[in-house]
Structure formats: structure tokens, C-alpha cells
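Position 1 is the first residue of the sequence; numbering continues from there.
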Amino acid sequence: MEKITGTLWYVKWFTLVFLGALMVDLVYVYWPWPAVRGVAVFQHNLHTETQLIVGLSNPQGLAFIQQVQAWVYQPIFVWTGLHEFLMLGLYPVADSGTASAADIGQGLATGFREQIQTAYIGVLLFSQRLAVLALSAPLFGLVALAMFADGLLTWYKRRTSVGRESGFIYHYAKHAFNYTLLAVWTLYLLPPMALDPRWVIPPALVLVGLSLRLAVGYFKKYL
């Protein structure tokens, strides 16, 4: 089987992180110990984190976050019909008693109402955090540029020196940047609890910068 690399690697892992986030949300809502939290607690987490971001963002940033939420919500809920299913569960109509398709749909919507609500809140939380990462892209770009330049200087010193090449370090360094980005996605996009971006973005900048410097600095000496 051919190994997935390049852009498809990022697409694959981003999709898995998204699906993993939805699974973690369901487990968080329905985990029975010490008590079932329920959808209301998850909704409170979203509200708490949203208020944190409102206090940190300007109007343009908030508008961008809302736009990203709409972009993510549209294909997942609107195009698939889950939006109508959610509305049917939240605002049920009277049962006609005829066992029609509409009544069956009403029953399914009511029965799976909490699960759909959990997915709805999870999508909003995931897309909100995704937008925060996008707004932080200039910071990541600045750190990446500085660390790339520093790593390039280290690589040049290694290339012009008589030191031995380390295949072990190079083997792991060339994958460091990709897996660091994956770690940032996982640690920030997965948790269902409210997270303050100020406790997440700065460490992520450090990790991404160090991994890029390592990857560039220990790139093989001779191309």
C-alpha cells in the first residue's frame, strides 16, 4: 500500500482529528462516572470559551470566527439534512398517529436529539478553535520564518564543517514539523472542555518553531 504524503497526509489526519473530536464529545457528554454530564454542561463549555474569545478578539476577528463556523456548519448539517433533523428534535410537531414517514422521522429526531445536539455543539466548538488557529497564522508564520533562518544557519555550519552526518537525527528531524502540527491540532481541537487560547497558542508556537528548526538544521548536509 502506497504511503500517503504531502497535502493528502494533512487532509487525512485533519479528518481523523475532526472525527475523533466528535467521538470525544459524545464520550464526555455520556460518560457515566462520576455522573452523566449531559448536553447542558457541554453547551456551557462552549459558551464559556466563546466569552473568553470575545474578550480577546476585535470585531473583525469575531466576524471571521462566525464565518468559519458557518462554513463548517453548512456542509455538515445543512447539506446533509441534519439541520432539519435537529430542528425537528428540538421543536417536535404533533404525532398524527398514522405511522407515516413524517411520524417515523419525528420519532428518530426525538430519540437521537441529544446526540445530534452534542454533534452540533461539537462542530461549533471545533470550528471556533479552527478559526482561532487561522487567526494565529501570522504569529506561526513569523516564528516559522525566524526558526527556519536559524535552522538554515545551523545546516550551513554543519555542511561546511567536517563533522559526521547523523542519519538517526535526520530520520526523526525530517518528520518533526508534521507531527508537531498534528500534536497541536490534537491538543487544541479535541478537548471538550473550555480552553483559554492564551494557554494553548504560545506553547504551540514554541513547539512548531523548535520542530522546524530541528527539521531544517539537521537536514542532510549534501543535497
Cluster link W185 to M193, ILVMFWY, side chain under 4.5 Å = yes
For L195 and E49, which heavy atoms make the closest approach, and how far apart are they?
-> N-OE1, 2.9 Å
Looking at V54 and L62, what are the two nearest heavy atoms and their distance?
-> CA-CD2, 3.8 Å
Mark yes when over 12 heavy atoms from residues, nucleotides or ligands other than F18 sit less than 6.0 Å from its CZ; otherwise mark no.
-> yes
Given side chains that start at C-beta, do those of Q67 and S127 come closer than 4.5 Å, heavy atoms only?
-> no
d(L133 CG, L139 CG) to nearest 0.5 Å is 11.5 Å
Roughly how far apart are L82 CG and M87 CE, rounded to 0.5 Å?
-> 11.0 Å
Indicate the atoms forming the closest heavy-atom contact of L52 with R198, along with that distance.
-> CD2-NH2, 4.5 Å
Between V29 and V41, is a side chain to side chain contact (heavy atoms under 4.5 Å, CB included) present by the stated rule, with each step listed?
-> CA-CA 8 Å; V29 169; V41 174; over 6 Å; no
Shared hydrophobic cluster, V11 / W71 (ILVMFWY, side-chain heavy atoms < 4.5 Å) = no
Check: L130 and F14 side chains under 4.5 Å, non-hydrogen atoms = yes
Can you find a pair of side-chain heavy atoms, one from F126 and one from V17, that are under 4.5 Å apart?
-> yes
Only one of V206, L212, L207 forms a side-chain contact (heavy atoms from CB on, under 4.5 Å) with L210, so which one is it?
-> V206
Out of curiosity, L124 CG to Q66 CD, how far, rounded to the nearest 0.5 Å?
-> 11.0 Å
Kindly indicate, with the supporting measurements, whether the criterion side chain to side chain contact (heavy atoms under 4.5 Å, CB included) is fulfilled by L152 and W155.
-> CA-CA 5 Å; L152 195 62; W155 173 80; 4.1 Å; yes
If the plane angle is over 60° it's perpendicular, under 30° parallel, otherwise tilted; pick one for F77 and Y73.
-> parallel
Check step by step if side chain to side chain contact (heavy atoms under 4.5 Å, CB included) holds for D150 and V216.
-> CA-CA 9 Å; D150 188 59; V216 175; over 6 Å; no
For the residue pair W9 and Y179, is the inter-centroid distance of their aromatic rings smaller than 6.0 Å?
-> yes
Between P197 and L56, what is the shortest heavy-atom contact and its length?
-> CD-CD1, 4.2 Å
Euclidean distance, Q69 CD relative to L125 CG, rounded to 0.5 Å | 9.0 Å
Cluster link L145 to F140, ILVMFWY, side chain under 4.5 Å | no
Taking atom CG of L214 and atom CE of M147, what is their separation to the nearest 0.5 Å?
-> 12.0 Å
Within 45° of the axis and under 6.0 Å from the centre of the six-membered ring of Y28, does NZ or CZ of R37 qualify?
-> yes
May I ask you to check whether F177 and Y10 place their ring centers less than 6.0 Å from one another?
-> no
OH (Y30) with more than 12 external heavy atoms under 6.0 Å | yes
Please lay out, stage by stage, how V143 and V208 fare under the test side chain to side chain contact (heavy atoms under 4.5 Å, CB included).
-> CA-CA 8 Å; V143 170; V208 170; 5.9 Å; no
For the residue pair L187 and V200, establish whether any side-chain heavy-atom pair is separated by less than 4.5 Å.
-> no
Looking at OH of Y188 and CH2 of W199, how far apart are the two atoms once the value is rounded to the nearest 0.5 Å?
-> 14.5 Å
Going only through I, L, V, M, F, W and Y residues with side-chain contacts under 4.5 Å, is there a path from F148 to L153?
-> no
Heavy-atom pair with the smallest gap, counting every atom of S211 and T180 | CB-OG1, 3.1 Å
Nearest heavy-atom neighbours spanning P192 and N45 = O-ND2, 3.2 Å
